[in-house]
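Sequence lines set the chain letters: A, B, ... in the order given, protein chains first and strands last, and positions in each chain run from 1. All of these numbers come straight from a predicted model, not from anything done at the bench.
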Amino acid sequence: MKIAIISGKGGTGKSTITSALTAIAQDVIAVDCDVDAANLYLIFHPTEETTIPFSTSSHAVVNAEDCIGCSTCSDACHFGAIECIDGLAVVDERACEGCQLCTRICPTQAIHMEASKDSYIYIGNFRYGKMVRARLTPGEENSGMLVTQLRKKAEETAKEKGDSLLLLDGPPGIGCPVIASITGVDKVVVVCEPSLSGIADMKRACQLASSQEIPIYLIINKCDLDQENSDSVRAWAAEKQYPVIAMLPFESDMVAAQMQAKTIMEYAPQSICSNELRKAFKQLTLS
Amino acid sequence: MKIAIASGKGGTGKTFVATNLYRSLQKRAQRVTLVDADVEVPNDHLFFDTVCTKRNAIEELKPTVDPEKCTYCGKCAEYCNYQAIFCIPSKGIIKMLHEWCHSCGACLYACPEEAMLATQEEIGEVNFNQEIKEKHLLVEGRMRVTNNTAIPVIKAAIEQAEETASDLYLVDAPPGTSCPFIKTAELSDYIIMVSEPTPFALNDLKLSLDTLDTLNKPYGVIINKADIGDGTMRNYLQQRGVTIIDELPYSTEWAHYYAKGLIAVEHSKEAEQHFERCTTFIINRNLKGKEA
């Protein structure tokens, strides 16, 4: 089974909750899909990691000797990434999205593609199974592509191991890396914080997951932050028929666990949050 | 002058800082525009009473197929570098997967039959929201749910905001360190990173600063909830030679205001003092001579 944890808004507790569910499950493949700001490894310290370099994008390079300055490429480029200056095509590497159109239409074949700097995918062991994570090289783009590759590796690892549970810690937002994180999963857990912004973002995340017809489960984190807002989330969830599988109150243990980079299950196994999360896990994996 | 409020890790207080700083700056600069560039999940509008005075649709090229002309040769799928065209020539099947389309237009060039149509699709909008009791404006970029790339909407929001002819644009940036953050930083003159002293946030802050260094952009840091930490973040930043603009306390009172969609500087004297300090920093660094 593949379960992705997302939230729309950042900082609502995705990684904290993913790490807790990992500790409850004991035998999992934990996948950190938040490749631009990966954090799970700070809790789980994976060892014996295999490193796989992966270039997330490529960009056009012009061979000045062959370029006749005809501007066919600059006219065609949808991203405004090529400009003809003094009879020579010049590529803005950062604006180039690597579509290759210019290499295909250049009448003198003066343009070729070069892979951008490598990002890295890591597969390692940790105390609850295998961890698959990545590091996007600073300044590199296209994190959606990296997430897609990361998931391929995770699914291969799952097959080798004969393991059934994949937990995917998603990135914030609802754009391409989130779409790449949830496509084809069995269930999505949306973590909501009962602030007006948390609620607005949770609804957008749910809208995205439901567009892919993925079953949605809600966890309300810091549920006592604002009672009125918390109630409105529950009422909305009931109307949409999304099960609310945990209500996590604000607990100082949760903050302390974060500061020490431990899971709440290990730091305070008898806290209210730990008990709620155990129940949530049962409900998630039951069907 | 455009100042982006950003953070590597989400939820460290970007929107909190952006909205409060906006209010605070209004007392000192003639005209301030708040630009919500967190277009995947835009929230700034929740904190203000506004009326929408203008809405601009953002459209992108999302080609479609004319079934009368298509011969299912598969050339378009071969040209598409994003796997956004699904074509089985032998079965006469073609399907455009718009959620993966990057609007590059390669398929239009590929098609030998002129069967590919250059259709446009709405991928988001830019909303101009006028504050009811103030002269200032919020410009919001809002990406359509299920669209994959936020970049064109971010770019449109920041560029179109210039229509408001302000002295200062505060740009609430998207989280992370990849394309949406990079695009916002590229279009801004100075970046304020908001972080908190947890191991997760410090890890992400380092990545963000590395990214900003590759872009050659000047930046400073506001440490939010500074008192939950042990000084590791402060030491790190001092060693790296990074300006610490302010350290905000951990306040449950401010968290409650935030949850209700209220601006802390309007309710807490302490918040007001902190954001006045940040405002002074911005004015001294970036806006000399433009004070109201």
Note, [X] side chain near [Y] side chain (heavy atom, < 4.5 Å):
X: B:Ser103; Y: A:Glu97; result: no
X: A:Lys9; Y: B:Thr15; result: no
X: B:Trp100; Y: A:Ile179; result: yes
X: A:Leu101; Y: B:Cys104; result: no

Toward chain B, the part of [X] with a non-hydrogen atom under 4.5 Å:
X: A:Pro194; answer: backbone
X: A:Leu42; answer: side chain
X: A:Gln212; answer: neither
X: A:Ala38; answer: backbone
X: A:Asp201; answer: both
X: A:Ser197; answer: both
X: A:Ile105; answer: side chain

Which bit of [X] comes within less than 4.5 Å of chain A, counting heavy atoms only: side chain, backbone, both or neither?
X: B:Lys183; result: neither
X: B:Thr198; result: both
X: B:Ala255; result: both
X: B:Phe181; result: neither
X: B:Glu196; result: neither
X: B:Pro152; result: neither
X: B:Phe16; result: neither

Other residues, nucleotides, ligands: >12 heavy atoms within 6.0 Å of [X] [atom1]:
X: B:Lys260; atom1: NZ; result: yes
X: B:Asp49; atom1: CG; result: no
X: B:Lys217; atom1: NZ; result: yes
X: A:Glu83; atom1: CD; result: no
X: B:Arg142; atom1: CZ; result: yes
X: B:Arg234; atom1: CZ; result: no

(request) Assess A:Arg104 against B:Tyr79: is NZ or CZ under 6.0 Å from the centre of the six-membered ring, and within 45 degrees of the ring's axis? (result)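 Here A:Arg104 passes the 6.0 Å and 45° test against B:Tyr79.
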(request) Can you see which heavy atom on A:Ile174 is nearest to which on B:Glu40, and at what distance? (result) N-OE1, 2.6 Å
(message) If I compare all heavy atoms of B:Thr214 with all of A:Arg94, which pair ends up nearest, and what's the gap?
(response)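 Answer, listing the atom of B:Thr214 first, then A:Arg94: O-NH2, 3.9 Å.
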(message) What verdict does the side chain to side chain contact (heavy atoms under 4.5 Å, CB included) test give for B:His102 and A:His78, after you've listed the backbone C-alpha separation in whole Å, the side-chain angles of each residue and the deciding distance to 0.1 Å?
(response) CA-CA 10 Å; B:His102 283 228; A:His78 192 81; over 6 Å; no
Got a second to check how far [X]'s [atom1] is from [Y]'s [atom2], nearest 0.5 Å?
X: A:Arg204; Y: B:Met143; atom1: CZ; atom2: CE; answer: 6.5 Å
X: A:Asp34; Y: B:Phe200; atom1: CG; atom2: CZ; answer: 10.5 Å
X: B:His45; Y: A:Leu196; atom1: NE2; atom2: CG; answer: 9.5 Å

(request) Heavy-atom pairs under 4.5 Å with chain B are the metric here; pick the option from A:Pro171, A:Ser7, A:Gly10 that has the most. (result)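 So the answer, after comparing A:Pro171, A:Ser7, A:Gly10, is A:Gly10.
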(message) For the backbone of A:Asn39 and the side chain of B:Asn203, can you confirm whether one donor and one acceptor N or O come within less than 3.5 Å of each other?
(response) no
(message) When you measure from the side chain of A:Asp36 to the backbone of B:Thr177, do you find a donor-acceptor pair of N or O atoms at a distance under 3.5 Å?
(response) yes
(request) Could you walk me through whether B:Asp230 and A:Met259 pass side chain to side chain contact (heavy atoms under 4.5 Å, CB included), step by step? (result) CA-CA 10 Å; B:Asp230 57 5; A:Met259 292 308 295; 5.7 Å; no
